[in-house]
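Below: one structure, written as structure tokens.
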Number of protein chains: 2
Amino acid sequence: MNKKRSSSTEDILGHQFGAFYKIPIEKFFQFALSVDCVILGYHENGLKLLMIERGTEPHKGKKALPGDLVYPTEDMELAADRVLKDLTGLEDVYMTQSKSYGQVDRHPIGRVVTVGYYSLISVDRYQPLASSWASNVVWVDVKELPQLSFDHNQIVDQVLTTLRERVRLQPIGFELLPKKFTLGQLQELYEAILNTTFDKANFRKKILGMNLLNDTKELQTQVSHRPAKLFSFDKDKYESLLKKGFSFEM
Amino acid sequence: MNKKRSSSTEDILGHQFGAFYKIPIEKFFQFALSVDCVILGYHENGLKLLMIERGTEPHKGKKALPGDLVYPTEDMELAADRVLKDLTGLEDVYMTQSKSYGQVDRHPIGRVVTVGYYSLISVDRYQPLASSWASNVVWVDVKELPQLSFDHNQIVDQVLTTLRERVRLQPIGFELLPKKFTLGQLQELYEAILNTTFDKANFRKKILGMNLLNDTKELQTQVSHRPAKLFSFDKDKYESLLKKGFSFEM
DNA sequence: GAATCTTTTAGTTCATTTTACCATAACAAT
DNA sequence: ATTGTTATGGTAAAATGAACTAAAAGATTC
């Protein structure tokens, strides 16, 4: 990171147009980078968002996305993983980069550009960590989002828009459910995300017709009515269908 | 930009978890930010990409995306607009942010994080600028992409994947055509982007059935056969259909 | 001006998918 | 055994999509 820098931007960066820089190249290395994580989970029939309550200014008292500065020698995906793990203890979960936000005045401390990430977690895997900041962590329903710190509302809105598009074309909904789930749960999940309703019988036919699910031969328990079968998503089946030209669509 | 910085990251940034920083906050402000633009145009039956040929090391001789460093007091969207305008003279064109790329070692000069943008331009509006670097500018067919500088292949691949998804769900294909176009041209465009073919009669029925196009009452000229009608995309119609629950799908 | 060529445009049929229901089976609880 | 609730299987109508045929329109050529 501390390589010697030439003062000729053109020679080194090779950006061959734009104004010739009238300020030394060092002046360009004044940005900080952060990551902000939109951590989504599904429970109690709703899509929920993991947020922290800020105990310090600015924006004290408001809710904010969990995030952190990226270290100068750290890859940003790693920083996002770190934030997620510190908060939830979880690793190896679905995580995707969303957009980046860099308004000049978005942060009082200086030029901080933040990269949004979103991850989908299964709440049955999530155990709130008993660390110092765990008390400030809350699940918020995406339908009841309050005003958030900084530009975090914008980040969340973008993620939700992307998610709604993506969940229709990629089999990622399963990431939000336990390994074994009923078709009813899956349907409710899609209905919550897409804010719509499906015909139960047709939903079942459609999803089973894709041949992506394994019948675990187990049944739902502790329900006061006929228990539903438990299914699991078969990633291998999906991969092999993909090669044959299959495309998921909900 | 030169506000006084506290050495307590927690107090100022309010990132309430992660390691307590063992290095001073100044050390985090070592990043530079750049934008790289994937400028897409459609001509000669193919989707083309505007690239520059690097005249300097590193990656001398290779093709690269047009891009530039973002000034410390410049919004990144503005930087992307600036790059586009300097290269093509065009303003007010379709431009969308793609992903960001920040591998620690992606640039020899230091920690440069780049934000990808893609824009769709109508080549009939494009006039190559007669400036010093214009000689290095070339259109490259997306089907014949060579090895590019830095991580630019990755950026382009990402943009093309996104575009193919997006062009099916949003009426953005029109951005790549002249204001007035024939249905044949529109079909060829979709076929080029999605790498498929459509039945001509059915394509026509589908797109006209959406009621998004205006018949300009003009005809194609300078063709040696029956000229096709010229249509234009009616954005107002689209907006009002959207409100009624219409959703574009190709 | 007639014949020819190419492409646009309209229309028809058939297969497939989607949608909306209905009926029954299965299990838990009482 | 009865009741309640949900899962599950099936069917008919409606809408959509794919494949194809044929005619019409204008430019070009002779």
Side-chain angles (χ1 to χ4, degrees), chain A residues 44-45 167-169 171 173-174 177-178 180-192 194-233 241 244-250, chain B residues 44-45 167-169 171 177-178 180-192 194-233 241 244-250:
Chain A
E44 290 162 8
N45 291 333
V167 82
R168 295 209 323 120
L169 302 175
F174 309 104
L177 293 176
K180 299 172 183 177
F181 51 84
T182 71
L183 295 186
Q185 290 169 340
L186 186 63
Q187 180 175 348
E188 281 167 21
L189 170 69
Y190 274 97
E191 290 180 341
L194 298 174
N195 199 34
T196 180
T197 58
F198 295 103
D199 177 276
K200 196 185 291 190
N202 293 335
F203 181 87
R204 146 187 305 279
K205 257 181 294 185
K206 184 165 188 173
I207 192 79
L208 287 181
M210 292 184 191
N211 258 50
L212 295 174
L213 302 186
N214 279 329
D215 186 341
T216 67
K217 305 289 178 191
E218 295 178 51
L219 296 177
Q220 205 179 16
T221 57
Q222 303 192 318
V223 289
S224 66
H225 54 76
R226 173 179 175 181
K229 284 185 192 172
L230 289 170
F231 292 90
S232 66
F233 173 62
L241 280 173
K244 294 177 194 162
F246 169 80
S247 71
F248 184 87
E249 188 163 348
M250 207 57 233
Chain B
E44 291 162 9
N45 291 333
V167 83
R168 296 209 322 121
L169 301 175
L177 293 176
K180 300 171 182 177
F181 51 86
T182 71
L183 295 185
Q185 290 169 340
L186 186 63
Q187 179 175 349
E188 281 167 20
L189 171 68
Y190 274 98
E191 290 180 340
L194 298 175
N195 200 34
T196 178
T197 59
F198 295 103
D199 177 276
K200 196 185 290 190
N202 294 334
F203 182 87
R204 145 187 306 277
K205 256 180 294 184
K206 185 165 188 174
I207 193 80
L208 287 181
M210 291 184 191
N211 257 52
L212 295 174
L213 301 187
N214 279 330
D215 185 342
T216 67
K217 307 288 181 193
E218 293 177 53
L219 296 177
Q220 206 177 17
T221 57
Q222 302 190 319
V223 289
S224 65
H225 54 76
R226 173 177 176 183
K229 284 186 191 171
L230 289 170
F231 292 89
S232 66
F233 173 63
L241 281 173
K244 293 177 193 162
F246 169 79
S247 70
F248 184 88
E249 188 163 348
M250 207 58 231

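Any value given below was found using the heavy atoms of this structure, including those in side chains, with hydrogens, waters and symmetry copies removed. Letters A, B, ... are given to chains in the order of the sequence lines, protein chains preceding strands, and every chain is numbered from 1.
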**Counterpart residues, side chain to side chain donor-acceptor pair (under 3.5 Å), relative to B:Asn195 (two or more places apart)** = none
**Request:** Please identify each residue that fulfils salt bridge (charged side-chain N to carboxylate O under 4.0 Å, His left out) with A:Glu218, with sequence neighbours left out.
**Result:** A:Lys180
**Request:** Applying ring pair (Phe, Tyr, Trp, His ring centres under 6.0 Å), name anything that partners A:Phe248, two or more places apart in sequence or on another chain.
**Result:** none
**Item:** With B:Glu44 via salt bridge (charged side-chain N to carboxylate O under 4.0 Å, His left out) - residues at least two apart
**Value:** B:Lys48
**Message:** Below 4.0 Å from chain B heavy atoms, what is the first contacting nucleotide of DNA chain C and what is the last?
**Reply:** C:dT6 to C:dT12
**Prompt:** Start at the 5' end of DNA chain C and walk down; is the nucleotide closest to B:Leu183 or to A:Pro227 reached first?
**Reply:** B:Leu183
**Asked** Atom CZ of B:Arg168 and atom CG of A:Leu169: how far apart are they, to the nearest 0.5 Å?
**Response** 6.5 Å
**Message:** Which residues pass the side chain to side chain donor-acceptor pair (under 3.5 Å) test with A:Gln220, not counting sequence neighbours?
**Reply:** none
**Item:** Residues within residues 205-220 of chain B bordering DNA chain C, heavy-atom distance below 4.0 Å
**Value:** B:Lys205
**Message:** Could you measure the distance from the CG atom of A:Asn214 to the CG atom of A:Leu230? Nearest 0.5 Å is fine.
**Reply:** 12.5 Å
**Prompt:** To the nearest 0.5 Å, what is the distance between CD (A:Glu191) and CG (A:Leu186)?
**Reply:** 10.0 Å
**Prompt:** When rounded to the nearest 0.5 angstrom, what distance separates CD1 in A:Ile207 from CE in A:Met250?
**Reply:** 5.0 Å
**Request:** Name all pairs fulfilling the ring-ring contact (aromatic ring centres under 6.0 Å, His included) condition that reach into residues 194-219 of chain A, sequence neighbours left out, sorted by first residue then second.
**Result:** A:Phe198-A:Phe203
**Prompt:** Near DNA chain D, under 4.0 Å by heavy atom, which residues of residues 195-202 of chain A?
**Reply:** A:Lys200, A:Ala201
**Prompt:** B:Tyr190: what forms a ring pair (Phe, Tyr, Trp, His ring centres under 6.0 Å) with it, not counting sequence neighbours?
**Reply:** none
**Qualifying residues under ring pair (Phe, Tyr, Trp, His ring centres under 6.0 Å), relative to B:Phe231, sequence neighbours excluded** = none
**Item:** DNA chain D: 5'-most and 3'-most nucleotides touching chain B, 4.0 angstrom heavy-atom criterion
**Value:** D:dA18 to D:dT28
